[in-house]
Every structure is written in structure tokens, then in C-alpha cells.
Amino acid sequence: MIPISDNLPNRRFPLVTYWLIGFTIALFFWELKLEAAGTLSEFLPSWGIVPAQLHTVAKAAIAERNPAAWFILLFMSSRSLICGIFLHGSFSQILGNLLFLWVFGKRVEETLGHGRFLGFYLMCGVLTGIVQILIEPALSGPLVGANGAIAGVLGAYLLKFPKAKIDSILPLAVVFIPMEIPALLYPIWWFLQQLFYSIGSLVVAGGVNAQGIGYWAHGIGLIIGVGLLQIMKPRLSQIASD
């Protein structure tokens, strides 16, 4: 089931959505280059989310009450939580995430406006990353991908447009069947999609995006997206009138 577009009219050019897609693709090509050079295994643990690493630094900062340790924790966490959103560990992961961003992101951007949508996207990714660290602090492999941010976008879309229909394609062998799917069914498909994100994975020592509890915490991004949209609601009427 491949989403193509929704049945709602376009009112604004989705500049930020296009930028996010282009930037993410460019970084993935950089990852492929690093994989060919044999250095990707060093790159992803440094720039992705490694819960065990951040948890260890956090414990040291709390125990020692050392300002330098807190500075290191702030630097490491901000770098990995933000950069990890734009890195991906497999072809299926980046294709799935960007496809959902293409279909659902531009509508949420139209609702929030360009600047607020960028902040919304990053906050969904960062907050979901924090939840992953808290749920599975012993995980030593890197977690990367925009899964949490995309889940937040999907949650916001469903809250704002619950009755929307999504034009989709159902591939059956060599036959492609066009279908119109209610938007409310897409969270189910999003969760099923998580099972296939290891297909076509990049070669990284120690593994990437382990299918543990922390990885499935991406689903909390749906709730985060709904909550953030509710917080931003007072400004939506003003944006709609612009």
C-alpha cells in the first residue's frame, strides 16, 4: 500500500517539506559514500542516538555535579537527537519515511506555516528520541531515522484531517491497483512498515536501529504530534487567514 496524495486542495507551496526531503536524500548519499569507504560504522554511532552512551554520560553528570560533564551531555545529546533525524539505516527506511513526509507533511506545513512546521518536525523527532533513551537506556547500537518525526506528522494530520482520503497504490506482483484509503487506516500501515525497515540495511558493525522496545517507541511520536498541534492551535486561525 503506497500513499500517493490526499484528496484535499493545495493552498500553499510546501517549501519546508521539499527541503527536508532533499536534505535527507543528500545525507543518505553521503552515508552510501561512507559505507563504500568503510567508515560508516564510525560515523553513525557518533552522529546517531546511542542510548547507552548518552545514559552513561548523564549518570556521570548527575553523580559528579560537574559543569563540564553537563556541557558534554548537552553537546552530545543535541547533536545526536537532531542529526539522527536526518540519517537513515536502510533503503526501505528512507523511502518509507520520505513517502509519508511527501503525502502528509505538506498538509501539516500548510496548516502550521513554514517556520512552525520545521520546528514541529524537529521537536517531534527530538522528543521521540528522548523517549527512546528513557525506555531502553542500555541499547548500545545507534538509532537513526525520521520515524519519530514522521509519526508526529501523521498524528497531526489525523487530528486535523480525520475524514481525508488517501489516493494509494496496492502493488500485487506486476499489477498495481489504485485505491482510495481512509486516512485513519494509515497509522496501522505505518506500524506494519516498521517491521520492514531492516530490508536493504546499510552495513554497520554492531547493527543499527535494533528492533527493540526503544525502536518501537517511535509510535509515541503519534501522540507527540497530536499534543504539539494542540499547543499550536491558538495560532492556526491567524495562519489560515493569511
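I4 is not listed as a side-chain neighbour of V103, based on a closest heavy-atom distance of 4.5 Å or more. In this structure, the side chains of C124 and V153 stay at 4.5 Å or more apart for every pair of heavy atoms. Side-chain contact between I133 and L139 is absent, with no heavy atoms from C-beta onward closer than 4.5 Å. Inter-residue side-chain proximity for V126 and I85 is flagged as met; some heavy-atom pair is nearer than 4.5 Å. L40 is listed as a side-chain neighbour of F43, based on a closest heavy-atom distance under 4.5 Å. Within the 4.5 Å cutoff, the side chain of I220 has no heavy atoms near those of the Q132 side chain. Side-chain contact between Y121 and L101 is present, with at least one heavy-atom pair separated by less than 4.5 Å.
N7 and D167 are not linked by any side-chain donor-acceptor pair at a separation below 3.5 angstrom, with hydrogens and angles left out of the test.
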Distance-only criterion, 3.5 Å: show the donor-acceptor pairs between side-chain atoms of residues 71-82 and protein atoms not counting sequence neighbours.
unit_1 : atom_1 : unit_2 : atom_2 : d
S77    : OG     : L73    : O      : 2.7
S77    : OG     : L74    : O      : 3.2
S78    : OG     : L74    : O      : 2.7
S78    : OG     : F75    : O      : 3.1
R79    : NE     : S46    : O      : 3.2
R79    : NH2    : S46    : O      : 2.8
S80    : OG     : M76    : O      : 2.9
S80    : OG     : S77    : O      : 3.3

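Closest approach of L143 and P51 over heavy atoms only: CD1-CG, 3.9 Å. Between F120 and G225, the closest heavy-atom pair is CE1-O, 3.5 Å.
Remark: K165 NZ to E180 CD distance equals 6.0 Å, nearest 0.5 Å. Between I25 atom CD1 and H88 atom NE2 the span is 10.0 Å, to the nearest 0.5 Å. In this structure, L87 CG and I49 CD1 are separated by 10.0 Å, a value rounded to the nearest 0.5 Å. In this structure, CZ on F13 lies 10.0 Å from NZ on K106, to the nearest 0.5 angstrom. Atoms CD1 and OG1, on I223 and T128 in that order, are 10.0 Å from each other to the nearest 0.5 Å. Between the CE atom of M123 and the CZ atom of R116 there is a distance of 12.5 Å, given to the nearest 0.5 Å.
Of the possible polar contacts, none joining the E35 side chain to the E31 backbone as a donor-acceptor pair under 3.5 Å is found. Between the side chain of Q53 and the backbone N or O of S140, no donor-acceptor pair lies under 3.5 Å. Between the side chain of S168 and the backbone N or O of I166 there is at least one donor-acceptor pair closer than 3.5 Å.
Salt-bridge annotation for R11 and E110: present, with a side-chain N of the basic residue lying under 4.0 Å from a carboxylate O of the acidic one.
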Let's go through F161 and L8 carefully: what are the C-alpha distance in whole Å and the side-chain angles of both, what is the deciding distance for side-chain contact (heavy atoms from CB on, under 4.5 Å) to 0.1 Å, and is it a yes or a no? CA-CA 9 Å; F161 309 104; L8 302 176; 3.5 Å; yes

Could you go through the side-chain contact (heavy atoms from CB on, under 4.5 Å) check for E109 and R12 one step at a time? CA-CA 9 Å; E109 179 180 353; R12 290 190 176 191; over 6 Å; no

Does the side-chain contact (heavy atoms from CB on, under 4.5 Å) test come out yes or no for I169 and I177, once each step is laid out? CA-CA 5 Å; I169 294 177; I177 303 175; over 6 Å; no

Check the pair Y186 / I181 against side-chain contact (heavy atoms from CB on, under 4.5 Å), numbers first and verdict last. CA-CA 8 Å; Y186 261 92; I181 307 293; 3.9 Å; yes

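Residue W30 qualifies as open at atom CH2: its count of foreign heavy atoms under 6.0 Å is 12 or below.
The ring-ring contact (aromatic ring centres under 6.0 Å, His included) test with Y157 is passed by exactly one of F117, F104, F100: F104.
By the side-chain contact (heavy atoms from CB on, under 4.5 Å) test, N10 pairs with R107, sequence neighbours left out. Not counting sequence neighbours, W70 has no partner by the ring pair (Phe, Tyr, Trp, His ring centres under 6.0 Å) test.
Hydrophobic clustering of Ile, Leu, Val, Met, Phe, Trp and Tyr side chains at less than 4.5 Å, counting indirect connections, keeps V50 apart from I130.
Aromatic pair F28/F86: ring centres not closer than 6.0 Å.
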